[in-house]
Number of protein chains: 2
Amino acid sequence: MSGTAQRLLDLAEDHIRNAGYNGFSFRDLASEIGIKNASVHHHFPTKAGLAAAVARRYTDRFLTFVADQADSGERDVVSIYRSAFREAFARDGRMCLGGVLGAETGGLPIEVAEEIRDFFHRLTDDLSKRIGGRGSKKQALRVLATLEGAMLMARATGDISTFDQATAALV
Amino acid sequence: MSGTAQRLLDLAEDHIRNAGYNGFSFRDLASEIGIKNASVHHHFPTKAGLAAAVARRYTDRFLTFVADQADSGERDVVSIYRSAFREAFARDGRMCLGGVLGAETGGLPIEVAEEIRDFFHRLTDDLSKRIGGRGSKKQALRVLATLEGAMLMARATGDISTFDQATAALV
DNA sequence: GTCTATAATTTGATAGAC
DNA sequence: GTCTATCAAATTATAGAC
């Protein structure tokens, strides 16, 4: 994967988290990176393919982060998930990519919708296994729902304290 | 407000809940209602104005539903909110309008973003007052976040049991 | 209130030169 | 890997007739 392709993934991720799948164009990416629209198509022939690649990378990176934190000695897995969501919002004030695309699922190309479905399935499985015991799946779903919803509300109100208050009872 | 305008609000609400603000066009609405694109502009001069009207009506209707349920004798306000969200999803399999637009806030015209911010502020205030007591605001935020996130995940995975499991502990 | 017609712009995508 | 040039289609929006 070339450096330009990496930068395109980064930019596309940023745009999707800000305004959704239909909230940016190839020309936006091209102008921000200093190339032309046609050159973007050289790296990613279709917009759907680009978005699917962004989603896959996002999921992989998220789960790698969780695994690294767990290996680093942090034992409370819910705290790991909570800080992963919170730091992403605090850094750039944007939504979770999975949350944005999940919300507009009905308008997505099928290959993108499938990646988002996988995002939630993989996170649910991972968190459930790390929690362990009876009812761990239900608990994982509740934690993920609260984190996604809290992020969404913080985004909509522009107030990170919304996230902190909504998720305080999780840890 | 004419019958055509009402139908346009209904259709626009449906499209937004399915695919977001940029997921439909005036021509979509026109063709589904059996008129021409220009006639839509007669009722709603701009797309931003239409979406803002949809959001305002959605918020008003939601809070009216909650008040009616409370007046009808249902005492558990969290159950009222939970069933309001659940029935909306079960009926047509779509997201909460506030949730969809909240997620893509960064790409919205300012007048629409303001209506969505109001949606969350008004629901938080209403639920907080109905819960009452110390920590009721924090509790209201947690409940709303869980419901929105659970709906988002049910939408992304296409599985309503995701909503049920994620929100089971609320009631 | 609806229509035809059209403007002005943007979009996703392709062909072919360098 | 990037470019110029371009296409075909879609978009939001307006003017003016009926």
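Note that these values count all heavy atoms, side chains included, but never hydrogens, waters or copies made by symmetry. Letters A, B, ... mirror the listed sequences (proteins, then strands); counts begin at 1. None of the values given here were measured: they were computed from a predicted structure.
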Rounded distance in Å - [atom1] ([X]) to [atom2] ([N]):
X      : N       : atom1 : atom2 : answer
N37(B) : dA7(C)  : CG    : P     : 15 Å
K47(A) : dA9(D)  : NZ    : P     : 19 Å
I35(A) : dC18(C) : CD1   : C1'   : 16 Å
I33(A) : dC3(D)  : CD1   : C1'   : 15 Å
L29(A) : dT2(D)  : CG    : P     : 13 Å
H43(A) : dA13(C) : NE2   : P     : 16 Å
H15(A) : dT11(C) : NE2   : P     : 11 Å
L50(A) : dA13(C) : CG    : C1'   : 14 Å

Look at the side chain of [X] and decide which nucleotide, out of [options], has an atom nearest to it.
X      : options                  : value
A38(B) : dC3(C), dA13(C), dG1(C)  : dC3(C)
T46(B) : dA13(C), dA13(D), dG1(C) : dA13(D)
R27(A) : dT14(C), dT11(C), dG1(C) : dT11(C)
H42(A) : dG12(C), dT14(D), dG1(D) : dG1(D)

Can we say D164(B) and R86(B) salt-bridge, meaning some charged N sits less than 4.0 Å from an Asp/Glu carboxylate O? yes
Using a cut-off of strictly less than 4.0 Å, decide whether [X] has a side-chain nitrogen or oxygen near OP1 or OP2 of [N].
X      : N      : value
S2(B)  : dG1(C) : yes
K36(A) : dC3(D) : no
S39(B) : dC3(C) : yes

N/O donor-acceptor pairs under 3.5 Å from side chains in residues 6-13 of chain B, not counting sequence neighbours:
from   : atom 1 : to     : atom 2 : distance (Å)
D10(B) : OD1    : R57(B) : NH1    : 2.9
D10(B) : OD1    : R57(B) : NH2    : 3.0
E13(B) : OE1    : R57(B) : NH2    : 3.0
E13(B) : OE1    : R61(B) : NH2    : 2.9
E13(B) : OE2    : R61(B) : NH1    : 3.1

Under 3.5 Å donor-acceptor pairs involving side-chain atoms of residues 127-136 of chain A, not counting sequence neighbours:
from    : atom 1 : to      : atom 2 : distance (Å)
S128(A) : OG     : S136(A) : OG     : 3.1
S128(A) : OG     : K137(A) : N      : 3.4
R130(A) : NE     : D126(A) : OD1    : 3.1
R130(A) : NE     : D126(A) : OD2    : 3.1
R130(A) : NH2    : D126(A) : OD1    : 3.4
S136(A) : OG     : S128(A) : O      : 3.4
S136(A) : OG     : G133(A) : O      : 3.3

Verify, without hydrogens or angle tests, whether K138(A) (side chain) and T167(B) (backbone) share a donor-acceptor contact under 3.5 angstrom. no
Give one of base, sugar-phosphate or nothing for S25(A), where a contact means two heavy atoms less than 4.0 Å apart. sugar-phosphate
If you look at every strand shown and take non-hydrogen atoms under 4.0 Å, does F24(B) touch a base, only sugar-phosphate, or nothing? sugar-phosphate
What are the two closest heavy atoms between G98(A) and L152(B), and how far apart are they? O-CD2, 4.4 Å
By nearest heavy atom, map Y21(B) and T4(A) onto DNA chain D; which one lands nearer the 5' end? T4(A)
